[in-house]
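Below is one structure, written out as structure tokens; comments come after it.
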Amino acid sequence: MSEELMLVVKAVAVLGALGAAFGLVLGYAAKVFAVEKDPREEAIAGCLPGANCGGCGFPGCGGYAAAVVKGEAPVNACAAGGAAVAAQIAEIMGVSAGDSVKKIAQVQCSGGGCNHLRYDYVGLHDCLAASRSLGGGAMDCQYGCLGFGTCVSECPFDAIHIVDGVAKVDEEKCVACGKCVAICPKHIIELVPMKTKKHVAITCSSRDKGVDTRKNCDDGCIGCSLCAKACPKEAIVVENNLAKIDYDKCVGCGICAQKCPRKLITVDGVVPEPKPAPAPKAAPAAPKAEAPKAEAPKAEEKGEEPKTEA
């Protein structure tokens, strides 16, 4: 065997010995310093939908599962899984799932300001870029949806799309993960509860005075307070020229939508048709006059002779 070949064999043997030694050391260290994983963590992770949307506030489904086991997160925080997943996690943890209310993302803009522009925007088709342009965007309304769909590309559930220049949420697909809320540069997307049989919404974010809103938008809120005055549950307040719904009080009656002069308030996504005014009540009929009673016939009329005194 040549000297060069011997050197190669020795080098391979040394490397093999070192690899085996390091392997033994790492294996021993893994056993000594191993952190036992709670089996409940894997069970919870198996229940989760695996969307890794971050809607729970933790880094992915694995992070949420670990937080639940440590007692750092509630069992019903998975927006994508909903009540069914919450019930499974609660069973694993041996606790009550509690009441969970479905939430959806709601775009607080009707799109009525899309045609009121100060200039033609030429730039990246992106809301973040457009919001950094002159005046925060080309629209006269500084609070409206820019309509370039940054929220659309951010949503992992295909639950939001641009329709007629404004972002619209598909309530069936939305799991309230909050990614569209976080990415919107105008901060006009909110997570709202779906507590009532019919969902009432005031889709506007403008805080301009009414006279300015009329110029900038076809149906923006003018702060007239008619909806607030009409609400039987006092669930609407007007702050900074903008009407807002308190969903803890709202019962979904839709009376506010009937009173809104701008036809802005929707019930289940639709502006309801105004109810016809009740017909005026007919005046009560005058009582019929009673016919005069006939007098009793006199004695002469009966053919009787008058009596004479003796």
Side-chain angles (χ1 to χ4, degrees), residues 53-55 79-80 101-117 121 125-131 136-196 198-208 213 216-223 227 236 238-247 250 252 254 256-257 260 262-272:
C53 62
V101 177
K102 174 180 171 61
K103 290 185 176 182
I104 62 163
Q106 185 167 282
V107 181
Q108 303 297 84
C109 179
S110 66
C114 293
N115 297 323
H116 298 263
L117 305 177
Y121 171 76
H125 203 75
D126 177 79
C127 295
L128 296 174
S131 67
M139 292 196 305
D140 287 330
C141 177
Q142 295 302 291
Y143 305 94
C145 175
L146 294 170
F148 291 117
T150 302
C151 54
V152 176
S153 58
E154 189 71 8
C155 178
F157 301 98
D158 190 38
I160 189 167
H161 301 91
I162 302 299
V163 180
D164 296 330
V166 65
K168 298 286 187 182
V169 175
D170 185 334
E171 297 178 2
E172 297 298 324
K173 294 182 178 180
C174 180
V175 299
C177 69
K179 287 202 168 186
C180 57
V181 177
I183 200 67
C184 178
K186 291 291 186 176
H187 308 293
I188 61 170
I189 307 179
E190 299 177 4
L191 296 181
V192 298
M194 302 284 284
K195 297 176 63 176
T196 54
K198 293 185 177 181
H199 182 69
V200 181
I202 301 178
T203 52
C204 183
S205 298
S206 175
R207 294 185 290 276
D208 288 334
T213 300
N216 300 336
C217 184
D218 296 334
D219 53 9
C221 179
I222 57 177
C227 55
I236 300 179
V238 177
E239 297 176 350
N240 297 322
N241 306 310
L242 178 64
K244 293 186 176 182
I245 297 177
D246 183 345
Y247 285 103
C250 180
C256 55
C260 179
R262 301 284 281 173
K263 306 303 178 190
L264 167 68
I265 306 178
T266 61
V267 179
D268 286 343
V270 179
V271 177

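Nothing fancy with the numbering, it's 1 onward along the sequence.
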Between [X] (side chain) and [Y] (backbone), is there a donor-acceptor pair under 3.5 Å?
X: Thr150; Y: Cys127; answer: yes
X: Ser131; Y: Gly136; answer: no
X: Gln142; Y: Met139; answer: yes
X: Tyr247; Y: Val200; answer: yes

Distance check, rounded to the nearest 0.5 Å: [X] atom [atom1] versus [Y] atom [atom2]?
X: Lys168; Y: Cys145; atom1: NZ; atom2: SG; answer: 9.0 Å
X: Asn240; Y: Cys221; atom1: CG; atom2: SG; answer: 11.0 Å
X: Ile188; Y: Gln108; atom1: CD1; atom2: CD; answer: 8.0 Å
X: Ser206; Y: Asp140; atom1: OG; atom2: CG; answer: 11.5 Å
X: Ile183; Y: Leu128; atom1: CD1; atom2: CG; answer: 5.0 Å

May I ask you to test the [X]-[Y] pair for a side-chain heavy-atom distance under 4.5 Å?
X: Leu242; Y: Cys204; value: yes
X: Val169; Y: Val107; value: yes
X: Leu264; Y: Ile202; value: yes
X: Asp164; Y: Cys114; value: no
X: Ile162; Y: Val152; value: yes

Side chain to side chain contact (heavy atoms under 4.5 Å, CB included) with [X]: which residues, sequence neighbours excluded?
X: Asp268; result: Lys198, His199
X: Ile104; result: Lys102, Glu171, Cys174, Val192, Met194
X: Cys155; result: Phe157, Ala159, Ile160
X: Ser153; result: none

Show the nearest heavy-atom pair for residues [X] and [Y], with the distance to one decimal.
X: Ala130; Y: Leu146; answer: CB-CD1, 4.2 Å
X: Val175; Y: Ala80; answer: CB-CA, 3.6 Å
X: Cys250; Y: Ile245; answer: CB-CG2, 3.9 Å

Results of salt bridge (Lys or Arg N to Asp or Glu O under 4.0 Å) for Lys195 - residues two or more places apart only: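 In terms of salt bridge (Lys or Arg N to Asp or Glu O under 4.0 Å), with neighbours along the sequence ignored, Lys195 is linked to Asp248.
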Report the residues that fulfil side chain to side chain donor-acceptor pair (under 3.5 Å) with [X], sequence neighbours left out, ordered by chain and then residue number.
X: Thr203; value: none
X: Asp158; value: His161, Lys173
X: Asp218; value: His116
X: Ser110; value: Asp219

Applying the side-chain contact (heavy atoms from CB on, under 4.5 Å) criterion to Asp208, which one of Asn241, Asn216, Ile222 satisfies it? Asn216
Quick one: salt bridge (charged side-chain N to carboxylate O under 4.0 Å, His left out) pairs with a partner in residues 174-188, sequence neighbours left out? none
Going by ring pair (Phe, Tyr, Trp, His ring centres under 6.0 Å), name the residues that satisfy it together with Tyr121, two or more places apart in sequence or in a different chain.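 With neighbours one apart ignored, the set is Phe148.
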